[in-house]
Amino acid sequence: MKILIRNGRVIDPANNIDETLDILVENSKISKVSKDIKNSADKTIDAADKIVLPGLVDMHVHLREPGREDKETICSGTKAGLKGGVTTLLAMPNTSPSIDSVKTLELVKKIIQKTAEANVFITAAITKARQGKELTDIARLKKEGIVAITDDGASVDNEELLLKALKIAKKEKILVLCHCEDKSLSKNGVVNLGFTSTRMGLRGISKESEYKRVERDIKLAEKADSPIHIAHVSCKESVEIIALAKGKGIKVTSDTCPHYFALSDAAVLGYDTNMKMNPPLRSKDDVGAIKKGLKNGIIDAIASDHAPHTENEKDIEFERAEFGVIGLETELAVAITELVHTGLLTWLDLARKMSLEPAKILRIKKGTLSVGTDADLIVLSPDKEWIVEKQNLISKSKNSCFLGRKLKGSVEYTICNGKIAYRWNS
Amino acid sequence: MVWIKKDLLGLEELTKEEIEFILTTAESFKEVTTREIKKVPALRGKTVVNLFYEPSTRTRVSFEVAAKRLSADVINIAPETSSVRKGETLIDTGRNIEALKADIIVVRHNASGAASMLARHLSISVVNAGDGWHEHPTQALLDIFTLKEKLGKIEGLNVVIVGDISHSRVARSNIRGLTKLGAKVIVCAPEILIPPAIEEMGVEVTDDIDEALKDADAVNVLRMQFERDEEAAFPEKLEYFRNFGITPERLKKAKKNIIVMHPGPINRGIEMSSEVADGINSVILEQVTNGIAVRMAVLFLVAQAQDKLAVRG
């Protein structure tokens with residue numbers, strides 16, 4: 001199948017391209033990028049007034065399969081991704097059982113092969129059952145295809161163990177992705193500690209519980225001389241610590257999520273459990289710092305931390321509700337609305353944060369529109385407005401923190417591995 | 001003023017005028033409670049359900065008496081808190097009560113935000129009788145009612161709230177109500193019992209009770225819940241009494257007519273000495289009496305709002 005995308009504004013940070021071009025897709029690869037491509041095609045997409053981006057690489061997704069297929073499956077999650085422009089995603093290992101053995105990894109690979117609609121890369125746990133006690137067989141798991149290790153949802157408390165994992169990861173050329181939270185500090189907190197927790201009468205999660213752990217993990221990475229990635233950065237101090245480390249030449253990268261730059265803890269005051277996630281929404285001051293960190297490159301990537309939960313786990317008393325929000329279908333539009341249309345980031349910056357950089361961090365061949373690479377790309381209408389509505393979400397779970405929000409920028413086509421995998425139906 | 005709010009969830013969402021309107025309405029109901037026949041037909045044919053997930057005698061009984069004096073039918077439900085997780089959800093329980101065609105749910109729950117969650121899901125009235133550490137609006141209203149009755153006004157008063165501010169819904173509701181009505185509020189407690197950024201609620205903070213009492217017109221003494229051991233950061237009882245307990249000696253250095261309040265039940269010899277609890281400055285039992293009038297006013301107003309909504313269809 002040949003697809004010709006004509007006259008789109010092509011954004012490709014890998015090749016520093018931002019100009020009106022045609023793109024020819026052939027045999028699942030990008031075969032030509034230039035002006036006035038004359039080749040015939042089975043399908044021609046008129047992309048005049050549209051933006052063409054490399055498909056998003058979302059490096060933080062909870063697909064819930066195996067174990068909690070009532071929340072999401074590899075099939076439903078990848079479909080939701082395609083709707084949001086995500087052609088490649090990184091699946092977190094906190095499934096049930098966790099991905100901590102070759103056996104579970106094989107099972108997950110099999111389900112992906114059979115049911116995934118987009119590209120799925122897999123992480124394995126750092127420690128068995130994510131208990132923080134005993135390392136998994138990282139070398140073996142790497143051989144079987146994982147691209148990163150993480151105990152996401154938890155931090156490895158034992159320093160020696162994490163140091164050891166970092167050393168192995170360095171040798172195996174695999175990424176260590178850290179959820180930074182000192183549970184002895186965050187305890188049973190449910191919202192940002194401060195005026196918000198005080199007003200709401202809820203237990204708070206301090207910023208210290210995050211940034212102290214960011215500090216520690218970076219120190220360990222420096223010691224091991226291994227790359228480290230800090231996931232879902234939510235507060236000012238974490239950004240400052242990462243900035244310092246980058247300045248010193250430590251190999252640290254980081255990401256944040258749309259909710260940490262689009263919402264502050266003021267959004268949680270109505271006890272809406274769709275505003276409950278971990279780390280929690282922080283103060284306006286922190287939101288400002290996150291935006292600044294994105295602008296100046298301290299925060300390399302944007303990921304969704306897509307965390308589906310069923311209604312009966314969410315629509316209950318605030319302190320008892322599960323942490324987490326879905327994000328695959330909204331992350332691009334939220335980022336366009338909040339970062340590009342506001343002038344904070346250029347389209348090239350956006351494609352870097354949501355596609356090229358995560359691919360680089362994961363050392364996978366994605367995130368570009370270079371000739372010869374996999375044809376993963378998005379055609380989007382930059383100014384088209386739409387409202388996030390529950391009934392239009394295709395994820396199995398509906399726990400979005402952007403319900404009711406008007407967003408500007410919508411995906412018209414998602415092409416994944418050379419096929420039109422999603423099309424806006426209007 | 002025409003009352004249009006079908007729920008009373010907290011003092012946070014009430015305006016100064018709305019708070020004053022409840023207090024004025026309560027005054028007329030207080031008159032009713034002095035009559036020989038203490039019953040009016042205002043809520044005849046209405047059903048009030050007391051849904052109490054936390055043990056409570058005084059608040060529940062107060063609501064029950066208030067509803068009965070308004071001629072409402074009252075049903076008390078006390079599900080085991082521990083069964084909430086395995087059993088029926090709060091929302092389902094609420095929906096069942098709604099299906100029984102009850103008119104008002106009075107809910108007490110240990111989760112902050114529980115009352116507002118219930119109100120979001122139901123069309124019948126919800127009155128918050130205490131949610132977690134968040135709000136206890138009728139307690140604050142009766143405290144304010146009592147203060148106003150004693151001192152004639154709220155604006156310009158100096159009110160001290162002493163005790164475990166961190167875990168207190170009574171403190172939070174009082175702070176919201178009193179500051180809206182123009183009182184100056186000082187919260188006094190050991191540092192570990194002061195929640196972060198409480199100053200942003202418009203109060204002053206101190207850990208020196210003698211200093212706090214100096215210009216105080218009233219002191220609201222919170223119950224120290226020593227049974228709450230989860231935080232394990234509570235001061236020792238006698239030490240607390242020594243540093244924060246309200247005693248005749250301390251009151252001697254305060255204004256002569258200082259009002260002493262307590263939401264009950266009192267830990268005598270911990271928050272205050274018996275002499276103070278039973279002394280001339282204490283209005284603790286009057287608070288209980290006023291609680292009935294205030295709750296009658298609240299039930300009456302939310303039912304009225306409900307009827308208006310029904311008429312509008």
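In what follows, chains carry the letters A, B, and so on, assigned in the order in which the sequence lines appear, proteins first and then strands, with residues in each chain numbered from 1.
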Lys314(A) NZ: over 12 foreign heavy atoms closer than 6.0 Å: yes

Please classify the contact of Ile198(B) with chain A as side chain, backbone, both or neither, using a heavy-atom distance under 4.5 Å. both

Lys406(A) and Glu385(A) ion-paired at < 4.0 Å: yes

Among Pro196(B), Ala197(B), Gly113(B), single out the residue with the greatest number of heavy-atom pairs under 4.5 Å to chain A. Pro196(B)

The interface call for Glu199(B) against chain A, heavy-atom contacts under 4.5 Å, is neither

Donor-acceptor check, side chain of Asp7(B) to backbone of Val126(B), threshold 3.5 angstrom: yes or no? yes

Determine which pairs satisfy salt bridge (charged side-chain N to carboxylate O under 4.0 Å, His left out) with at least one residue from residues 115-141 of chain B, sequence neighbours left out, and list them in order. Glu135(B)-Arg176(B)

Which residues pass the salt bridge (Lys or Arg N to Asp or Glu O under 4.0 Å) test with Arg58(B), sequence neighbours left out? none

Where does Met201(B) contact chain A at under 4.5 Å (heavy atoms): side chain, backbone, both or neither? both

Under 4.5 Å heavy-atom distance to chain B, tell me which part of Asp315(A) shows up: side chain, backbone, both or neither. both

